[in-house]
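Let me begin by presenting the structure, written as structure tokens, before commenting on it.
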Amino acid sequence: MKIFLDTANIEEIKEVKDLGILDGVTTNPSLIAKEKKDFKKTIAAICEVVNGTVSAEVIALDWETMVKEGRELAAISEHVVVKVPFTKDGLKATSIMAAEGIDVNVTLIFSANQALLACKAGAAYISPFAGRLDDIGHDGIEVVGQCQAVVDTYDYDTEVIAASIRSTAHMLQCQEIAADIATIPYKVIEQMMKHPLTTSGIEQFLADWENAVK
Ligand code: E4P
């Protein structure tokens with residue numbers, strides 16, 4: 001499974017990259033706004049660090065402006081994947097950009113039916129949101145699994161990004177459903193690394209080492 005970092009924070013990206021576990025980055029308008037820096041310069045800076053794809057989202061809601069913004073974002077770097085929200089205009093923009101060779105990540109997907117339509121429009125990636133579905137009482141990972149099944153069953157040339165990942169439990173479930181990719185916040189990466197038995201095991205080894213013949 002590929003691991004993407006869901007952030008626009010360059011320090012977090014550099015840190016995770018140095019661990020050797022980073023396959024890409026996803027951003028969204030909320031994450032960009034949090035950094036309080038110029039959007040395109042931020043994307044360019046992230047692209048310089050990451051050896052993988054970097055999703056940057058269009059703001060427009062009409063297909064023509066989506067395509068215009070998407071072309072501008074794609075021109076920043078070969079690493080850029082244009083993120084487009086799932087709407088009727090989003091589908092049209094996706095099919096136009098896909099035909100031009102621009103990789104599109106269709107985001108805000110909440111059902112397998114939306115996933116199917118995005119795949120057919122030529123999305124390189126689809127992002128079903130687990131956490132936001134959980135928030136309204138649904139089983140988010142179950143829906144991500146249904147989206148993954150659409151891609152796998154019909155052999156679409158699309159990768160599924162499990163998005164809106166909030167916990168280590170989500171990450172275990174992503175592995176169970178064999179998600180292609182999970183995009184996760186820095187906090188969840190930190191949580192994944194921790195285990196109390198690893199901590200106590202190290203303490204025990206060090207304590208015993210004190211009594212070893214050296
Ligand atoms: C990634 O593509 C999404 O924008 C992100 O995972 C959304 O996460 P959230 O629901 O925690 O905001």
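Sequential numbering from 1 along the given sequence is applied to the chain's residues.
With rounding to the nearest 0.5 angstrom, the CD1 atom of Ile189 is 7.0 Å from the CE atom of Met171. Note: Lys194 NZ to Thr199 OG1 = 8.5 Å, rounded to the nearest 0.5 Å. Interatomic distance, Glu142 CD to Leu133 CG, rounded to the nearest 0.5 Å: 10.0 Å. Distance check: Lys83 NZ to Thr53 OG1 gives 11.0 Å after rounding to the nearest 0.5 Å. Rounding to the nearest 0.5 Å gives a distance of 10.0 Å between OG1 of Thr158 and CG of Leu116. Here Met66 contributes atom CE and Thr94 contributes atom OG1; the two are 7.5 Å apart, rounded to the nearest 0.5 Å.
A donor-acceptor pair under 3.5 Å is formed between the side chain of Ser95 and the backbone N or O of Lys92. Listed for the Lys17 side chain is a donor-acceptor partner under 3.5 Å among the backbone atoms of Val49.
Cluster annotation: Val80 and Ile59 are assigned to distinct hydrophobic clusters (Ile/Leu/Val/Met/Phe/Trp/Tyr, side-chain heavy-atom contacts under 4.5 Å, transitive). Criterion: ILVMFWY side-chain heavy atoms under 4.5 Å apart, direct or through other members. Under it, Leu31 and Ile10 are not part of a common hydrophobic cluster. Both Ile184 and Val25 are assigned to one and the same hydrophobic cluster, defined by single-linkage of ILVMFWY side chains at heavy-atom distances under 4.5 Å. Both Met193 and Val16 are members of a single hydrophobic cluster when ILVMFWY side chains are connected at heavy-atom separations under 4.5 Å. Val58 and Ile32 fall within the same hydrophobic cluster, defined by Ile, Leu, Val, Met, Phe, Trp and Tyr side-chain heavy atoms under 4.5 Å apart, directly or through other members.
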(request) I would like to know whether Cys147 and Ile109 meet side-chain contact (heavy atoms from CB on, under 4.5 Å); could you show each step before the answer? (result) CA-CA 9 Å; Cys147 296; Ile109 285 189; 4.2 Å; yes
(request) Could you check His79 against Glu48 for side-chain contact (heavy atoms from CB on, under 4.5 Å), going step by step and ending with a plain yes or no? (result) CA-CA 9 Å; His79 293 278; Glu48 274 183 31; over 6 Å; no
(request) Let me see the working for Ile141 and Ile177 under side-chain contact (heavy atoms from CB on, under 4.5 Å), right down to the final yes or no. (result) CA-CA 8 Å; Ile141 293 291; Ile177 62 162; 4.1 Å; yes
(message) Run Val144 and Cys174 through side-chain contact (heavy atoms from CB on, under 4.5 Å) and show every step you take.
(response) CA-CA 8 Å; Val144 176; Cys174 281; 5.5 Å; no
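Annotation: side chain of Ile43 is not in contact with side chain of Ser77 (no heavy-atom distance under 4.5 Å). Using a 4.5 Å cut-off on side-chain heavy atoms (C-beta onward), Glu210 and Leu206 make no contact. Residues Val84 and Glu57 form no side-chain contact, since every pair of their non-hydrogen atoms from C-beta on lies 4.5 Å or further apart. In this structure the side chain of Cys119 reaches within 4.5 angstrom of the side chain of Ile126, judged on heavy atoms. Inter-residue side-chain proximity for Glu15 and Tyr186 is flagged as met; some heavy-atom pair is nearer than 4.5 Å. Using a 4.5 Å cut-off on side-chain heavy atoms (C-beta onward), Ile181 and Ile3 make no contact. With contacts defined as side-chain heavy-atom distances shorter than 4.5 Å, the pair Pro85/Val106 does not qualify. Side-chain contact check for Thr183 versus Ile165: every heavy-atom pair is 4.5 Å or farther apart.
In terms of heavy atoms, Leu117 sits closest to Leu91 at O-CD2, 3.7 Å. Of all heavy-atom pairs between Ala121 and Ala98, the closest is O-CB, 4.1 Å.
Within 6.0 Å of NZ on Lys120 lie no more than 12 heavy atoms contributed by other residues, nucleotides or ligands. Counting heavy atoms of neighbouring residues, nucleotides and ligands inside a 6.0 Å radius, atom CG of Asp157 does not exceed 12 of them. Within a 6.0 Å sphere centred on CD of Glu190, heavy atoms belonging to other residues, nucleotides or ligands number more than 12.
For the pair Asp135 and Arg166, the salt-bridge criterion is met [side-chain N within less than 4.0 Å of a carboxylate O]. Under a 4.0 Å N-O distance rule, the pair Lys68/Glu64 does not qualify as a salt bridge.
Pairs of residues two or more places apart, or lying in two chains, that qualify as ring pair (Phe, Tyr, Trp, His ring centres under 6.0 Å) and include a residue from residues 116-170 are Phe110-Phe129. Applying the ring pair (Phe, Tyr, Trp, His ring centres under 6.0 Å) test to pairs two or more places apart or on separate chains, none has a residue in residues 84-109.
Listed by chain and residue number, Asp152, Asp180 satisfy the side chain to side chain donor-acceptor pair (under 3.5 Å) test with Gln148 (two or more places apart in sequence, or in another chain).
Remark: the Thr168 side chain and the Gln191 side chain contain no N/O donor-acceptor pair separated by less than 3.5 Å. Side-chain contact check for Thr107 and Ser127: no donor-acceptor pair (N or O, by modelled atom type) lies under 3.5 Å.
Residue Ser55 is tested with Thr26, Asp103, Asn105 for a side-chain hydrogen bond (donor to acceptor under 3.5 Å, both in side chains); the sole match is Asn105.
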